[in-house]
Amino acid sequence: MTQRIVITGTDTGIGKTVFAAGLAGLLDGFYWKPVQSGLDGETDSEVVARLAGLPLERVLPEAYRLKSPLSPHRSAEIDGVAIKAADLTFPVLPTPLVIEGAGGLMVPLNRRTSFIDIFAEWRLPVILCARTTLGTINHTLLSIEALRTRSIPLAGIAFIGDEMADTQRTIVEMGGVPQLGRLPHLDPLTDKTLRDAMIAGFAFASCTGDH
Ligand SMILES: Nc1ncnc2c1ncn2[C@@H]1O[C@H](COP(=O)(O)OP(=O)(O)OP(=O)(O)O)[C@@H](O)[C@H]1O
Ligand SMILES: [Mg+2]
């Protein structure tokens with residue numbers, strides 16, 4: 001695995017944070033959510049602190065903490081904040097860093113820039129989280145095409161949900177991307193069940209899970 005990896009997804013609410021927590025835990029790394037939209041309830045950083053089994057200091061502070069649970073461009077406008085690309089430079093750290101975007105790739109940060117533009121500047125490898133349920137082929141292939149158009153390196157797909165063999169195969173074949181693995185729906189979802197599911201579901205995890 002690379003030292004810095006971006007976790008994105010085909011949509012909001014598909015399990016990026018849970019996967020990112022599992023990955024940061026396995027890599028014994030850091031987690032960073034540059035833009036948090038919505039501060040009621042647990043933030044993504046707080047979820048990761050709970051689920052990754054890492055010391056609290058491994059979760060870096062967000063660059064922007066926006067109050068409303070909306071697209072960051074709108075949430076920032078409501079808070080009277082302008083999100084600047086210059087504030088979204090990733091820190092250089094001695095251990096792996098897992099960075100989670102907000103929502104999907106084309107989520108606007110302001111009226112001109114989307115998260116995918118920031119990813120294109122960063123040039124870091126991206127893991128695309130994708131549901132396995134109906135509709136995912138379209139969303140995932142569109143996301144892959146958007147990444148390719150901007151020459152953003154795609155490490156592979158992390159599927160989230162029950163196994164859907166033909167759906168996963170179709171995405172891998174038509175998208176020309178590797179499947180990194182699959183994280184099933186976990187009940188209960190704890191740091192322990194997450195770690196075990198990451199080791200069972202992702203081949204790279206079995207080499208990194210012994211920390
Ligand atoms: N593998 C899983 N097992 C059980 N529950 C899950 C799993 N993945 C996600 N969830 C649950 O689904 C919900 C959405 O997941 P999550 O917050 O990880 O999505 P997200 O893609 O990070 O969303 P956002 O775009 O808001 O950052 C949460 O309640 C989370 O606990
Ligand atoms: Mg999240």
Side-chain angles (χ1 to χ4, degrees), residues 5-26 29-54 58-76 83 88 97-109 114-116 118-119 126-133 135-136 139-140 142-143 146-147 156-164 167-168 179-202 205 209:
I5 189 106
V6 170
I7 309 302
T8 189
T10 53
D11 203 349
T12 187
I14 63 148
K16 293 184 301 292
T17 300
V18 172
F19 173 76
L23 186 62
L26 279 176
F30 282 77
Y31 169 85
W32 186 41
K33 173 95 178 177
V35 180
Q36 171 68 39
S37 268
L39 299 176
D40 287 341
E42 249 186 334
T43 61
D44 281 8
S45 295
E46 287 164 351
V47 172
V48 170
R50 177 166 58 81
L51 288 179
L54 290 170
R58 294 295 191 84
V59 177
L60 302 174
E62 301 93 335
Y64 291 94
R65 288 171 58 84
L66 309 168
K67 288 197 194 76
S68 312
L70 300 172
S71 172
H73 79 287
R74 189 62 198 138
S75 193
I83 297 180
L88 301 177
L97 172 64
V98 175
I99 307 173
E100 181 186 344
L105 289 163
M106 295 275 191
V107 162
L109 296 173
S114 295
F115 241 119
I116 197 166
I118 304 296
F119 296 161
V126 165
I127 294 178
L128 179 62
C129 293
R131 312 179 268 117
T132 55
T133 45
T136 193
H139 284 115
T140 310
L142 284 170
S143 298
L147 290 165
I157 310 291
F159 285 106
I160 309 209
D162 294 340
E163 178 164 30
M164 297 292 283
T167 299
Q168 294 168 225
Q179 165 173 328
L180 299 177
R182 183 178 61 86
L183 186 63
H185 181 82
L186 300 172
D187 186 13
L189 173 59
T190 67
D191 56 347
K192 173 79 170 70
T193 61
L194 179 58
R195 189 179 184 85
D196 290 348
M198 290 293 296
I199 291 170
F202 292 85

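Whatever order the structure lists them in is the order used to number ligands and atoms, beginning at 1.
- Contacts between Met198 and ligand 1, counted as non-hydrogen atom pairs separated by less than 4.0 Å, are absent for every part of the residue.
- Trp32 contributes no side-chain N or O that, together with a main-chain N or O of Glu62, makes up a donor-acceptor pair within less than 3.5 Å.
- Scanning the protein for heavy atoms near atom 20 (P) of ligand 1, the closest one is Lys16 N, 3.5 Å.
- In terms of protein heavy atoms, atom 10 (N) of ligand 1 is closest to Val18 CG2, 3.9 Å.
- Residue nearest to atom 22 (O) of ligand 1, selected from Leu194, Thr17, Val35: Thr17 (by heavy-atom distance).
- Atoms CD1 and CZ, on Ile160 and Arg131 in that order, are 11.0 Å from each other to the nearest 0.5 Å.
- Between Lys33 and Glu100 there is a salt bridge, since at least one side-chain N of the basic residue sits less than 4.0 Å from a carboxylate O of the acidic one.
- Put simply, the side chain of Lys67 never gets that close to the backbone of Asp40: no donor and acceptor are under 3.5 Å apart.
- Looking at Gly101 next to ligand 1, no N or O pair under 3.5 Å apart turns up.
- The Mg ion (ligand 2) has no N, O or S atom of Thr12 under 2.8 Å away, backbone or side chain.
- Formation of a donor-acceptor pair under 3.5 Å by the Thr43 side chain with backbone atoms of Leu39 is not found in this model.
- Neither the backbone nor the side chain of Asp187 comes within contact range of ligand 1; no heavy atom lies under 4.0 Å.
- Taking every heavy atom of Thr12 and a limit of under 4.0 angstrom, the matching atoms of ligand 1 come to 24 (P), 25 (O), 26 (O).
- On a distance-only criterion, Ala102 and ligand 1 share no N/O pair closer than 3.5 Å.
- For atom 13 (C) of ligand 1, the closest heavy atom belonging to the protein is Gly13 O, 4.7 Å.
- Between the side chain of Arg58 and the main chain of Gly29, a donor-acceptor pair closer than 3.5 Å is present.
- Heavy-atom distances between Gly103 and ligand 1 reach below 4.0 Å in at least one pair.
- The protein heavy-atom contact nearest to atom 19 (O) of ligand 1 is Gly15 N, 3.0 Å.
- Taking every heavy atom of Ile14 and a limit of under 4.0 angstrom, the matching atoms of ligand 1 come to 19 (O), 20 (P), 21 (O).
- A donor-acceptor pair is defined here as one N or O able to donate and one able to accept, closer than 3.5 Å; no such pair exists between the side chain of Thr136 and the backbone of Thr132.
- Within ligand 1, the atoms closer than 4.0 Å to a non-hydrogen atom of Lys33 are 27 (O), numbered from 1 in the order shown.
- Distance check for atom 2 (C) of ligand 1: a protein heavy atom is found below 4.0 Å.
- Between the OE2 atom of Glu100 and the OD2 atom of Asp44, the angle centred on the Mg ion (ligand 2) amounts to 90° when rounded to 10°.
- Protein heavy atoms come within 4.0 Å of atom 25 (O) of ligand 1.
- The N/O atoms of Leu189, backbone and side chain alike, include none that comes under 3.5 Å of an N/O atom in ligand 1.
- Distances below 4.0 Å separate heavy atoms of Pro184 from the following atoms of ligand 1: 1 (N), 2 (C), 3 (N).
- Neither the backbone nor the side chain of Ala197 has a heavy atom within less than 4.0 Å of ligand 1.
- Salt-bridge formation is not detected for the pair Arg195/Asp191: no Lys NZ or Arg NE/NH1/NH2 atom is positioned less than 4.0 Å from an Asp or Glu carboxylate oxygen.
- Between the side chain of Ser75 and the backbone N or O of Ser68, at least one donor-acceptor pair lies under 3.5 Å.
- The distance from atom CD1 of Ile127 to atom CD1 of Ile99, rounded to the nearest 0.5 Å, is 11.5 Å.
- At least one donor-acceptor pair closer than 3.5 Å links the side chain of Thr190 to the backbone N or O of Thr193.
- For the pair Ser37 (side chain) and Leu70 (backbone), a donor-acceptor distance under 3.5 Å is present.
- Checked by atom type and distance alone, the side chain of Gln36 pairs as donor or acceptor with a backbone atom of Asp44 at under 3.5 Å.
- Listed by atom number, the atoms of ligand 1 under 4.0 Å from Glu100 heavy atoms are 22 (O), 27 (O).
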